[in-house]
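Keep in mind the model is a prediction, meaning the values are calculated, not measured. Excluded from the calculations below are hydrogen atoms, water molecules and symmetry mates; all remaining heavy atoms, backbone and side chain alike, are included.
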There are 2 protein chains.
Amino acid sequence: MAVETLQHQASMDARDAEVARPKVAVDTVLFAIEGERLKCYLVQLTAGAAAGKWAFPGGLVRVGETLDEAARRELEDAASLRDLYLEQLFSFGDPSRDPGAHVVSVGYLGLIDDAGAAISRSRKYAAGRWFEVARLPALAYDHSIIAEYALRRLKSKLEYTNIACNLLPPTFSFAELEELYATVLERPLDRRNFRRRIMAMGLLKRLPGKRRGAHRPAALYAFRQRSVQAIEML
Amino acid sequence: MAVETLQHQASMDARDAEVARPKVAVDTVLFAIEGERLKCYLVQLTAGAAAGKWAFPGGLVRVGETLDEAARRELEDAASLRDLYLEQLFSFGDPSRDPGAHVVSVGYLGLIDDAGAAISRSRKYAAGRWFEVARLPALAYDHSIIAEYALRRLKSKLEYTNIACNLLPPTFSFAELEELYATVLERPLDRRNFRRRIMAMGLLKRLPGKRRGAHRPAALYAFRQRSVQAIEML
DNA sequence: CTAGTTTGCGTCAATTTGACGCTTAGCGTA
DNA sequence: TACGCTAAGCGTCAAATTGACGCAAACTAG
(Lines give C-alpha, C1' and ligand atoms only; values in the text may rest on other atoms or scores of the structure.)
Protein backbone atom coordinates (compact mmCIF):
# COMPACT_ATOMS: atom_id res chain seq x y z
CA MET A 1 0.00 0.00 0.00
CA ALA A 2 1.40 3.31 -1.02
CA VAL A 3 2.17 6.05 1.41
CA GLU A 4 -0.67 8.27 0.35
CA THR A 5 -3.28 5.64 1.03
CA LEU A 6 -2.26 5.58 4.65
CA GLN A 7 -2.55 9.27 5.32
CA HIS A 8 -4.59 12.10 4.01
CA GLN A 9 -1.94 14.77 3.99
CA ALA A 10 1.77 14.31 4.08
CA SER A 11 3.64 14.20 7.30
CA MET A 12 7.35 14.42 7.83
CA ASP A 13 7.93 10.83 8.69
CA ALA A 14 10.57 8.71 7.03
CA ARG A 15 8.38 6.90 4.53
CA ASP A 16 7.73 10.08 2.59
CA ALA A 17 11.33 10.43 1.63
CA GLU A 18 11.09 7.36 -0.54
CA VAL A 19 8.40 8.72 -2.87
CA ALA A 20 9.18 11.36 -5.46
CA ARG A 21 6.75 14.26 -5.31
CA PRO A 22 6.08 17.19 -7.62
CA LYS A 23 7.59 20.46 -6.53
CA VAL A 24 5.73 23.74 -6.15
CA ALA A 25 6.72 26.97 -7.82
CA VAL A 26 5.16 30.40 -8.22
CA ASP A 27 5.29 32.49 -11.40
CA THR A 28 4.06 36.05 -11.59
CA VAL A 29 2.69 37.85 -14.61
CA LEU A 30 3.47 41.42 -13.74
CA PHE A 31 1.67 44.15 -15.66
CA ALA A 32 2.30 47.85 -15.95
CA ILE A 33 1.16 50.61 -18.25
CA GLU A 34 3.88 52.44 -20.10
CA GLY A 35 3.20 54.96 -22.81
CA GLU A 36 -0.32 53.83 -23.69
CA ARG A 37 0.86 50.25 -23.92
CA LEU A 38 0.19 47.36 -21.60
CA LYS A 39 3.46 45.68 -20.78
CA CYS A 40 4.59 42.75 -18.75
CA TYR A 41 7.88 41.92 -17.19
CA LEU A 42 9.93 38.98 -18.40
CA VAL A 43 13.23 37.53 -17.32
CA GLN A 44 15.68 35.59 -19.41
CA LEU A 45 16.55 32.18 -18.02
CA THR A 46 20.17 31.11 -17.59
CA ALA A 47 19.87 27.45 -16.59
CA GLY A 48 18.02 24.30 -17.56
CA ALA A 49 16.64 23.20 -20.88
CA ALA A 50 14.90 26.55 -21.28
CA ALA A 51 18.10 28.61 -20.89
CA GLY A 52 18.01 31.71 -23.05
CA LYS A 53 14.23 31.76 -23.24
CA TRP A 54 12.08 34.40 -21.61
CA ALA A 55 9.72 33.61 -18.75
CA PHE A 56 7.82 35.21 -15.93
CA PRO A 57 9.83 35.70 -12.76
CA GLY A 58 9.25 32.89 -10.32
CA GLY A 59 10.78 29.98 -8.58
CA LEU A 60 10.32 27.18 -6.13
CA VAL A 61 8.34 27.67 -2.96
CA ARG A 62 10.29 27.07 0.23
CA VAL A 63 9.10 25.17 3.24
CA GLY A 64 7.53 27.57 5.70
CA GLU A 65 6.48 30.37 3.40
CA THR A 66 3.06 31.09 1.96
CA LEU A 67 2.50 31.18 -1.79
CA ASP A 68 2.10 34.95 -1.68
CA GLU A 69 5.36 35.29 0.22
CA ALA A 70 7.13 33.12 -2.31
CA ALA A 71 5.82 35.22 -5.18
CA ARG A 72 6.90 38.44 -3.44
CA ARG A 73 10.30 37.05 -2.62
CA GLU A 74 10.90 36.06 -6.22
CA LEU A 75 9.82 39.49 -7.47
CA GLU A 76 12.08 41.20 -4.98
CA ASP A 77 14.96 38.97 -6.09
CA ALA A 78 14.28 39.32 -9.78
CA ALA A 79 13.48 43.01 -10.03
CA SER A 80 13.83 44.60 -6.58
CA LEU A 81 10.08 45.08 -6.47
CA ARG A 82 8.16 45.42 -3.24
CA ASP A 83 4.67 46.42 -2.13
CA LEU A 84 2.86 45.64 -5.30
CA TYR A 85 -0.56 44.19 -5.88
CA LEU A 86 -0.56 40.40 -6.17
CA GLU A 87 -3.44 38.03 -6.74
CA GLN A 88 -3.40 34.31 -7.23
CA LEU A 89 -4.49 33.26 -10.70
CA PHE A 90 -4.52 29.54 -11.24
CA SER A 91 -2.32 26.53 -10.69
CA PHE A 92 -0.72 24.76 -13.59
CA GLY A 93 0.11 21.15 -12.94
CA ASP A 94 0.66 19.45 -16.25
CA PRO A 95 3.64 17.17 -15.60
CA SER A 96 5.05 17.95 -19.03
CA ARG A 97 4.93 21.72 -18.61
CA ASP A 98 8.57 21.61 -17.48
CA PRO A 99 10.46 18.88 -19.30
CA GLY A 100 13.08 18.74 -16.55
CA ALA A 101 10.85 17.82 -13.64
CA HIS A 102 7.29 17.75 -12.45
CA VAL A 103 6.75 21.24 -11.09
CA VAL A 104 3.32 22.55 -10.21
CA SER A 105 3.29 26.28 -10.76
CA VAL A 106 0.93 28.60 -8.95
CA GLY A 107 0.40 31.50 -11.30
CA TYR A 108 0.08 35.04 -9.95
CA LEU A 109 -1.16 38.27 -11.42
CA GLY A 110 0.85 41.29 -10.36
CA LEU A 111 0.18 44.98 -10.98
CA ILE A 112 2.42 47.97 -10.53
CA ASP A 113 1.87 51.62 -11.32
CA ASP A 114 5.43 52.40 -12.34
CA ALA A 115 7.31 50.23 -14.77
CA GLY A 116 10.45 52.14 -13.89
CA ALA A 117 10.47 50.65 -10.41
CA ALA A 118 11.66 47.31 -11.77
CA ILE A 119 15.41 46.97 -11.53
CA SER A 120 16.82 43.89 -13.15
CA ARG A 121 19.97 43.32 -11.20
CA SER A 122 19.40 39.67 -10.33
CA ARG A 123 22.25 37.25 -10.84
CA LYS A 124 19.62 34.57 -11.27
CA TYR A 125 18.59 35.80 -14.70
CA ALA A 126 20.50 36.89 -17.76
CA ALA A 127 18.20 39.87 -18.21
CA GLY A 128 14.87 41.33 -17.24
CA ARG A 129 12.76 43.88 -19.04
CA TRP A 130 9.28 44.95 -20.04
CA PHE A 131 7.62 43.62 -23.17
CA GLU A 132 4.53 44.85 -24.85
CA VAL A 133 1.81 42.32 -24.12
CA ALA A 134 0.75 42.26 -27.75
CA ARG A 135 4.28 41.34 -28.81
CA LEU A 136 5.66 38.83 -26.36
CA PRO A 137 8.57 36.67 -27.40
CA ALA A 138 8.33 32.88 -27.26
CA LEU A 139 8.04 31.93 -23.62
CA ALA A 140 9.54 29.06 -21.66
CA TYR A 141 7.52 26.23 -20.17
CA ASP A 142 3.76 26.82 -20.39
CA HIS A 143 4.13 30.50 -19.64
CA SER A 144 2.21 31.63 -22.68
CA ILE A 145 -0.83 29.85 -21.23
CA ILE A 146 -0.29 31.58 -17.90
CA ALA A 147 -0.05 34.86 -19.77
CA GLU A 148 -3.46 34.26 -21.35
CA TYR A 149 -5.03 33.54 -17.99
CA ALA A 150 -3.50 36.65 -16.49
CA LEU A 151 -4.64 38.93 -19.28
CA ARG A 152 -8.14 37.51 -19.20
CA ARG A 153 -8.31 37.99 -15.43
CA LEU A 154 -7.05 41.56 -15.66
CA LYS A 155 -9.58 42.47 -18.35
CA SER A 156 -12.37 40.83 -16.44
CA LYS A 157 -11.57 42.46 -13.11
CA LEU A 158 -11.30 45.90 -14.67
CA GLU A 159 -15.02 45.64 -15.37
CA TYR A 160 -16.28 45.03 -11.88
CA THR A 161 -13.57 45.99 -9.38
CA ASN A 162 -11.38 48.96 -8.57
CA ILE A 163 -8.30 46.95 -9.55
CA ALA A 164 -7.20 49.75 -11.88
CA CYS A 165 -5.93 51.67 -8.86
CA ASN A 166 -2.86 49.46 -8.89
CA LEU A 167 -1.92 50.50 -12.41
CA LEU A 168 -2.26 54.23 -11.87
CA PRO A 169 -0.32 56.75 -9.82
CA PRO A 170 -2.09 57.98 -6.66
CA THR A 171 -3.45 60.96 -8.53
CA PHE A 172 -4.72 61.02 -12.07
CA SER A 173 -7.14 62.67 -14.44
CA PHE A 174 -10.25 61.08 -15.81
CA ALA A 175 -8.72 60.92 -19.25
CA GLU A 176 -5.82 58.94 -17.88
CA LEU A 177 -8.16 56.47 -16.24
CA GLU A 178 -10.12 56.09 -19.44
CA GLU A 179 -6.96 55.61 -21.45
CA LEU A 180 -5.92 52.84 -19.07
CA TYR A 181 -9.21 51.02 -19.60
CA ALA A 182 -9.07 51.44 -23.35
CA THR A 183 -5.49 50.18 -23.44
CA VAL A 184 -6.12 47.09 -21.36
CA LEU A 185 -9.46 46.22 -22.90
CA GLU A 186 -8.16 46.93 -26.40
CA ARG A 187 -11.26 48.77 -27.43
CA PRO A 188 -12.34 52.40 -27.51
CA LEU A 189 -14.67 53.57 -24.78
CA ASP A 190 -17.27 56.26 -25.02
CA ARG A 191 -15.89 59.05 -22.90
CA ARG A 192 -19.23 60.13 -21.47
CA ASN A 193 -20.64 56.71 -20.77
CA PHE A 194 -17.36 55.66 -19.21
CA ARG A 195 -17.40 58.63 -16.88
CA ARG A 196 -20.98 57.92 -15.90
CA ARG A 197 -20.23 54.26 -15.17
CA ILE A 198 -17.15 54.98 -13.08
CA MET A 199 -18.82 57.75 -11.14
CA ALA A 200 -21.84 55.54 -10.45
CA MET A 201 -19.50 53.05 -8.78
CA GLY A 202 -18.43 55.77 -6.39
CA LEU A 203 -14.82 54.67 -6.30
CA LEU A 204 -13.21 58.02 -6.88
CA LYS A 205 -12.79 61.14 -4.88
CA ARG A 206 -12.15 64.45 -6.52
CA LEU A 207 -9.01 66.26 -5.46
CA PRO A 208 -8.65 70.02 -5.20
CA GLY A 209 -5.94 70.64 -7.80
CA LYS A 210 -6.05 70.69 -11.59
CA ARG A 211 -3.86 69.05 -14.15
CA ARG A 212 -2.55 71.82 -16.44
CA GLY A 213 -1.84 70.84 -20.02
CA ALA A 214 -1.98 72.22 -23.49
CA HIS A 215 -5.73 72.60 -23.28
CA ARG A 216 -8.56 72.75 -20.79
CA PRO A 217 -7.24 71.70 -17.36
CA ALA A 218 -8.48 68.36 -16.04
CA ALA A 219 -9.76 67.69 -12.55
CA LEU A 220 -7.64 65.32 -10.49
CA TYR A 221 -8.97 62.19 -8.85
CA ALA A 222 -7.79 59.45 -6.55
CA PHE A 223 -9.30 56.13 -5.59
CA ARG A 224 -11.14 56.14 -2.29
CA GLN A 225 -9.86 52.67 -1.50
CA ARG A 226 -6.48 51.41 -2.54
CA SER A 227 -7.49 47.88 -1.65
CA VAL A 228 -9.17 45.93 -4.38
CA GLN A 229 -12.79 45.09 -3.91
CA ALA A 230 -15.67 44.06 -6.08
CA ILE A 231 -18.45 46.48 -6.87
CA GLU A 232 -22.06 45.45 -6.52
CA MET A 233 -21.34 41.75 -6.55
CA LEU A 234 -24.42 39.68 -5.86
CA MET B 1 23.96 30.31 -2.95
CA ALA B 2 20.80 28.31 -2.64
CA VAL B 3 19.63 25.91 -5.28
CA GLU B 4 16.72 28.01 -6.40
CA THR B 5 18.90 30.96 -7.23
CA LEU B 6 20.73 28.87 -9.77
CA GLN B 7 17.73 27.64 -11.67
CA HIS B 8 14.33 28.93 -12.43
CA GLN B 9 12.42 25.70 -12.14
CA ALA B 10 13.47 22.52 -10.41
CA SER B 11 15.34 19.83 -12.20
CA MET B 12 16.01 16.36 -11.03
CA ASP B 13 19.67 16.78 -10.35
CA ALA B 14 21.27 15.80 -7.10
CA ARG B 15 21.34 19.18 -5.41
CA ASP B 16 17.55 19.27 -5.13
CA ALA B 17 17.41 16.27 -2.88
CA GLU B 18 19.11 18.25 -0.15
CA VAL B 19 16.43 20.90 0.14
CA ALA B 20 13.07 20.18 1.76
CA ARG B 21 10.19 21.29 -0.43
CA PRO B 22 6.47 21.68 0.21
CA LYS B 23 4.32 18.87 -1.11
CA VAL B 24 1.30 19.28 -3.37
CA ALA B 25 -2.12 17.88 -2.61
CA VAL B 26 -5.56 18.23 -4.11
CA ASP B 27 -8.79 18.49 -2.12
CA THR B 28 -12.22 18.44 -3.70
CA VAL B 29 -15.37 20.06 -2.41
CA LEU B 30 -18.01 17.87 -3.99
CA PHE B 31 -21.56 19.18 -4.09
CA ALA B 32 -24.84 17.48 -4.81
CA ILE B 33 -28.48 18.34 -4.34
CA GLU B 34 -30.46 15.93 -2.21
CA GLY B 35 -33.98 16.63 -1.09
CA GLU B 36 -33.99 20.40 -1.56
CA ARG B 37 -30.74 20.64 0.34
CA LEU B 38 -27.26 21.42 -0.91
CA LYS B 39 -24.88 18.82 0.45
CA CYS B 40 -21.22 18.13 0.24
CA TYR B 41 -19.24 14.97 0.68
CA LEU B 42 -16.86 14.57 3.59
CA VAL B 43 -14.55 11.79 4.65
CA GLN B 44 -13.35 10.99 8.13
CA LEU B 45 -9.59 10.88 8.50
CA THR B 46 -7.86 7.93 10.10
CA ALA B 47 -4.26 9.08 10.37
CA GLY B 48 -2.21 12.07 11.39
CA ALA B 49 -2.91 14.78 13.93
CA ALA B 50 -6.34 15.32 12.37
CA ALA B 51 -7.46 11.69 12.77
CA GLY B 52 -11.16 11.47 13.49
CA LYS B 53 -11.93 14.83 11.95
CA TRP B 54 -13.90 15.29 8.76
CA ALA B 55 -12.32 16.67 5.60
CA PHE B 56 -12.79 16.86 1.85
CA PRO B 57 -11.48 13.87 -0.06
CA GLY B 58 -8.01 14.50 -1.39
CA GLY B 59 -4.41 13.53 -1.18
CA LEU B 60 -0.94 14.06 -2.48
CA VAL B 61 -0.30 14.60 -6.15
CA ARG B 62 1.98 12.00 -7.74
CA VAL B 63 4.78 12.69 -10.13
CA GLY B 64 3.52 12.44 -13.68
CA GLU B 65 -0.17 13.18 -13.18
CA THR B 66 -2.01 16.44 -13.74
CA LEU B 67 -3.84 18.15 -10.90
CA ASP B 68 -7.18 17.19 -12.43
CA GLU B 69 -6.09 13.58 -12.68
CA ALA B 70 -5.01 13.59 -9.06
CA ALA B 71 -8.36 15.00 -7.97
CA ARG B 72 -10.23 12.39 -10.01
CA ARG B 73 -8.06 9.58 -8.72
CA GLU B 74 -8.70 10.60 -5.13
CA LEU B 75 -12.45 10.80 -5.71
CA GLU B 76 -12.46 7.40 -7.33
CA ASP B 77 -10.51 6.00 -4.39
CA ALA B 78 -12.57 7.70 -1.74
CA ALA B 79 -16.07 7.25 -3.12
CA SER B 80 -15.89 5.26 -6.37
CA LEU B 81 -16.89 8.35 -8.28
CA ARG B 82 -16.07 8.85 -11.95
CA ASP B 83 -17.02 11.19 -14.75
CA LEU B 84 -18.04 14.12 -12.67
CA TYR B 85 -17.60 17.82 -13.23
CA LEU B 86 -14.41 19.21 -11.73
CA GLU B 87 -13.05 22.71 -11.74
CA GLN B 88 -10.00 24.12 -10.06
CA LEU B 89 -10.80 26.59 -7.31
CA PHE B 90 -7.77 28.05 -5.64
CA SER B 91 -4.50 26.95 -4.11
CA PHE B 92 -3.98 27.11 -0.39
CA GLY B 93 -0.38 27.38 0.66
CA ASP B 94 -0.26 28.57 4.23
CA PRO B 95 2.54 26.49 5.77
CA SER B 96 0.55 26.15 8.98
CA ARG B 97 -2.59 24.84 7.32
CA ASP B 98 -1.39 21.31 8.05
CA PRO B 99 0.53 21.15 11.33
CA GLY B 100 2.29 17.97 10.23
CA ALA B 101 4.02 19.25 7.13
CA HIS B 102 4.03 22.03 4.58
CA VAL B 103 1.47 20.87 2.04
CA VAL B 104 0.14 23.16 -0.65
CA SER B 105 -3.39 22.13 -1.46
CA VAL B 106 -5.01 22.81 -4.79
CA GLY B 107 -8.71 23.09 -4.05
CA TYR B 108 -11.25 21.72 -6.50
CA LEU B 109 -14.96 22.22 -6.92
CA GLY B 110 -16.82 19.07 -7.91
CA LEU B 111 -20.45 18.63 -8.92
CA ILE B 112 -22.51 15.50 -9.30
CA ASP B 113 -26.18 15.01 -10.11
CA ASP B 114 -26.72 11.98 -7.94
CA ALA B 115 -25.58 11.87 -4.34
CA GLY B 116 -26.34 8.17 -4.29
CA ALA B 117 -23.48 7.47 -6.70
CA ALA B 118 -20.94 8.01 -3.93
CA ILE B 119 -19.93 4.73 -2.35
CA SER B 120 -17.70 5.08 0.67
CA ARG B 121 -15.80 1.84 0.65
CA SER B 122 -12.29 3.27 0.88
CA ARG B 123 -9.92 1.77 3.38
CA LYS B 124 -8.19 5.13 3.45
CA TYR B 125 -10.95 6.77 5.45
CA ALA B 126 -12.96 5.75 8.47
CA ALA B 127 -16.16 6.92 6.82
CA GLY B 128 -17.58 9.06 4.06
CA ARG B 129 -20.98 10.67 3.77
CA TRP B 130 -22.95 13.69 2.67
CA PHE B 131 -23.45 16.66 4.97
CA GLU B 132 -25.80 19.53 4.58
CA VAL B 133 -23.69 22.53 3.60
CA ALA B 134 -25.42 24.71 6.15
CA ARG B 135 -24.50 22.27 8.91
CA LEU B 136 -20.98 21.08 8.34
CA PRO B 137 -19.04 19.57 11.23
CA ALA B 138 -15.68 20.99 12.30
CA LEU B 139 -13.29 20.35 9.44
CA ALA B 140 -9.65 19.33 9.46
CA TYR B 141 -6.83 21.58 8.26
CA ASP B 142 -8.07 24.75 6.56
CA HIS B 143 -10.91 22.94 4.87
CA SER B 144 -13.58 25.28 6.15
CA ILE B 145 -11.86 28.05 4.20
CA ILE B 146 -11.81 25.88 1.09
CA ALA B 147 -15.50 25.21 1.63
CA GLU B 148 -16.24 28.93 1.64
CA TYR B 149 -14.37 29.42 -1.62
CA ALA B 150 -16.19 26.51 -3.22
CA LEU B 151 -19.62 27.70 -2.18
CA ARG B 152 -18.91 31.23 -3.34
CA ARG B 153 -17.69 29.94 -6.69
CA LEU B 154 -20.72 27.73 -7.13
CA LYS B 155 -23.13 30.54 -6.35
CA SER B 156 -21.31 32.90 -8.63
CA LYS B 157 -21.14 30.51 -11.57
CA LEU B 158 -24.80 29.65 -11.33
CA GLU B 159 -25.50 33.24 -12.32
CA TYR B 160 -23.62 33.35 -15.58
CA THR B 161 -22.90 29.81 -16.75
CA ASN B 162 -24.80 26.61 -17.43
CA ILE B 163 -22.94 24.91 -14.57
CA ALA B 164 -26.26 23.80 -13.08
CA CYS B 165 -26.40 21.02 -15.66
CA ASN B 166 -23.96 19.08 -13.52
CA LEU B 167 -26.27 19.09 -10.53
CA LEU B 168 -29.38 17.95 -12.37
CA PRO B 169 -30.38 14.70 -14.05
CA PRO B 170 -30.32 14.76 -17.87
CA THR B 171 -34.02 15.59 -17.91
CA PHE B 172 -35.86 17.88 -15.56
CA SER B 173 -38.76 20.25 -15.25
CA PHE B 174 -38.47 23.99 -15.00
CA ALA B 175 -39.63 23.88 -11.41
CA GLU B 176 -36.78 21.53 -10.56
CA LEU B 177 -34.28 23.86 -12.15
CA GLU B 178 -35.70 26.79 -10.24
CA GLU B 179 -35.63 24.88 -7.00
CA LEU B 180 -31.97 24.09 -7.58
CA TYR B 181 -31.16 27.77 -8.02
CA ALA B 182 -33.17 28.79 -4.98
CA THR B 183 -31.50 26.10 -2.88
CA VAL B 184 -27.97 26.98 -3.86
CA LEU B 185 -28.44 30.73 -3.80
CA GLU B 186 -30.40 30.55 -0.56
CA ARG B 187 -33.00 33.00 -1.71
CA PRO B 188 -36.39 32.77 -3.34
CA LEU B 189 -36.60 33.48 -7.04
CA ASP B 190 -39.50 34.91 -8.93
CA ARG B 191 -40.78 32.04 -11.01
CA ARG B 192 -41.67 34.14 -14.06
CA ASN B 193 -38.55 36.27 -14.13
CA PHE B 194 -36.41 33.21 -13.60
CA ARG B 195 -38.00 31.46 -16.52
CA ARG B 196 -37.52 34.49 -18.71
CA ARG B 197 -33.86 34.80 -17.76
CA ILE B 198 -33.04 31.16 -18.33
CA MET B 199 -34.90 31.02 -21.62
CA ALA B 200 -33.15 34.17 -22.81
CA MET B 201 -29.84 32.40 -22.29
CA GLY B 202 -30.99 29.72 -24.69
CA LEU B 203 -29.36 26.90 -22.77
CA LEU B 204 -32.31 24.56 -22.67
CA LYS B 205 -34.09 22.45 -25.20
CA ARG B 206 -37.63 21.32 -24.66
CA LEU B 207 -38.24 17.60 -24.73
CA PRO B 208 -41.38 15.91 -26.05
CA GLY B 209 -42.59 14.22 -22.84
CA LYS B 210 -44.34 15.61 -19.80
CA ARG B 211 -43.70 15.12 -16.13
CA ARG B 212 -46.94 13.79 -14.58
CA GLY B 213 -47.58 14.74 -10.99
CA ALA B 214 -50.39 15.60 -8.65
CA HIS B 215 -51.22 18.69 -10.67
CA ARG B 216 -50.71 20.20 -14.07
CA PRO B 217 -48.00 18.25 -15.93
CA ALA B 218 -44.69 20.05 -16.43
CA ALA B 219 -42.76 20.20 -19.68
CA LEU B 220 -39.41 18.45 -19.63
CA TYR B 221 -36.15 20.10 -20.53
CA ALA B 222 -32.51 19.22 -20.99
CA PHE B 223 -29.41 21.34 -21.35
CA ARG B 224 -28.26 21.82 -24.92
CA GLN B 225 -24.65 21.61 -23.80
CA ARG B 226 -23.44 19.43 -21.01
CA SER B 227 -20.09 21.21 -21.04
CA VAL B 228 -19.87 24.27 -18.86
CA GLN B 229 -19.51 27.58 -20.59
CA ALA B 230 -20.06 31.18 -19.76
CA ILE B 231 -23.01 33.07 -21.17
CA GLU B 232 -22.52 36.46 -22.77
CA MET B 233 -19.16 37.11 -21.16
CA LEU B 234 -17.50 40.24 -22.49
C1' DC C 1 -9.15 87.69 -30.41
C1' DT C 2 -9.67 83.53 -32.91
C1' DA C 3 -8.95 78.74 -34.07
C1' DG C 4 -8.23 74.34 -32.20
C1' DT C 5 -8.45 70.84 -28.72
C1' DT C 6 -9.73 68.64 -24.51
C1' DT C 7 -12.88 68.51 -20.60
C1' DG C 8 -17.22 67.82 -18.68
C1' DC C 9 -22.30 67.65 -18.52
C1' DG C 10 -26.74 66.37 -20.47
C1' DT C 11 -30.34 64.19 -23.56
C1' DC C 12 -32.92 60.51 -25.69
C1' DA C 13 -34.38 56.04 -27.27
C1' DA C 14 -33.72 51.09 -26.75
C1' DT C 15 -33.06 47.47 -23.76
C1' DT C 16 -33.09 45.13 -19.45
C1' DT C 17 -34.83 44.32 -14.84
C1' DG C 18 -38.07 43.68 -11.02
C1' DA C 19 -42.77 43.17 -9.39
C1' DC C 20 -46.95 41.09 -10.11
C1' DG C 21 -51.77 39.35 -12.41
C1' DC C 22 -54.12 36.00 -14.85
C1' DT C 23 -55.17 31.78 -17.43
C1' DT C 24 -54.46 26.79 -18.18
C1' DA C 25 -54.17 21.90 -17.09
C1' DG C 26 -54.70 18.03 -14.38
C1' DC C 27 -56.00 15.80 -9.86
C1' DG C 28 -59.19 14.66 -6.13
C1' DT C 29 -63.55 14.61 -4.23
C1' DA C 30 -68.44 15.47 -3.65
C1' DT D 1 -69.78 15.40 -13.81
C1' DA D 2 -68.57 19.60 -11.89
C1' DC D 3 -66.13 22.10 -8.53
C1' DG D 4 -62.16 23.51 -6.03
C1' DC D 5 -57.21 23.14 -5.32
C1' DT D 6 -52.57 23.67 -6.87
C1' DA D 7 -48.72 23.96 -9.88
C1' DA D 8 -47.52 25.38 -14.69
C1' DG D 9 -47.01 28.78 -17.95
C1' DC D 10 -47.72 33.33 -20.34
C1' DG D 11 -48.00 38.27 -20.27
C1' DT D 12 -47.98 43.24 -18.63
C1' DC D 13 -46.08 47.49 -16.83
C1' DA D 14 -43.10 50.83 -14.66
C1' DA D 15 -38.41 51.63 -13.15
C1' DA D 16 -33.68 51.31 -13.95
C1' DT D 17 -29.85 50.64 -16.96
C1' DT D 18 -27.34 50.99 -21.29
C1' DG D 19 -25.67 52.80 -25.71
C1' DA D 20 -25.32 56.60 -28.96
C1' DC D 21 -24.57 61.25 -29.44
C1' DG D 22 -24.80 66.78 -29.02
C1' DC D 23 -22.96 70.70 -27.11
C1' DA D 24 -21.00 74.19 -24.16
C1' DA D 25 -16.98 75.41 -21.16
C1' DA D 26 -11.99 76.07 -20.45
C1' DC D 27 -7.65 76.67 -21.84
C1' DT D 28 -3.44 77.29 -25.19
C1' DA D 29 -1.22 78.74 -29.25
C1' DG D 30 -0.79 81.95 -32.78
Give every donor-acceptor pair under 3.5 Å between a side-chain atom in residues 194-210 of chain A and any protein atom, sequence neighbours left out.
| unit_1 | atom_1 | unit_2 | atom_2 | d |
| --- | --- | --- | --- | --- |
| A:Arg196 | NH2 | A:Asn193 | OD1 | 3.2 |

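- Each of A:Asp27, A:Thr28, A:Asp68 was evaluated against A:Tyr108; a single residue qualifies, A:Asp68, per the side chain to side chain donor-acceptor pair (under 3.5 Å) test.
- Applying the salt bridge (Lys or Arg N to Asp or Glu O under 4.0 Å) rule to A:Arg152 yields no partners; only residues at least two apart in sequence or on another chain are considered.
- Partners of B:Asp142 under the salt bridge (Lys or Arg N to Asp or Glu O under 4.0 Å) rule, at least two apart in sequence or in another chain, are B:Arg97.
- One interatomic measurement links the two molecules: CZ of B:Phe174 to P of D:dT6, which rounds to 23 Å at whole-angstrom precision.
- Distance CZ (A:Arg191) to P (D:dC23): 14 Å, rounded to an integer number of Å.
- Here chain B contacts DNA chain C (any atom closer than 4.0 Å to a heavy atom, that is under 4.0 Å), and the contacts span C:dT17 to C:dC27 from 5' to 3'.
- Atom CG of A:Asp190 is separated from atom C1' of D:dT17 by 15 Å (rounded to the nearest Å).
- The interatomic distance linking B:Leu207 (CG) with D:dA8 (P) rounds to 16 Å, in whole Å.
- Contacts between residues 208-218 of chain A and DNA chain D, defined by a heavy-atom separation under 4.0 Å, are made by A:Arg212, A:Gly213, A:Ala214, A:His215, A:Arg216, A:Pro217.
- Put simply, CE on B:Met199 is 8 Å from P on D:dC10, counting in whole angstrom units.
- A salt bridge links A:Arg187 to A:Glu159: at least one charged side-chain nitrogen sits closer than 4.0 Å to a carboxylate oxygen.
- The minimum heavy-atom distance between B:Lys155 and B:Val184, with the atom names listed, is CE-O, 3.4 Å.
- For B:Phe92, the ring-ring contact (aromatic ring centres under 6.0 Å, His included) partners two or more places apart in sequence, or in a different chain, are B:Phe90, B:Tyr149.
- Taking the six-membered ring where tryptophan is involved, the planes of A:Trp130 and A:Tyr41 are perpendicular, since the angle between them exceeds 60° and thus also 30°.
- Aromatic pair A:Phe172/A:Phe223: centroids less than 6.0 angstrom apart.
- At whole-Å resolution of the value, CG in A:Asn193 and P in D:dC21 are 10 Å apart.
- B:Phe194 places its CZ atom 14 Å from the C1' atom of D:dG9, with the value rounded to the nearest Å.
- When the nearest nucleotides of DNA chain D are assigned to B:Arg196 and A:Arg196 by heavy-atom distance, the more 5′-ward of the two goes with B:Arg196.
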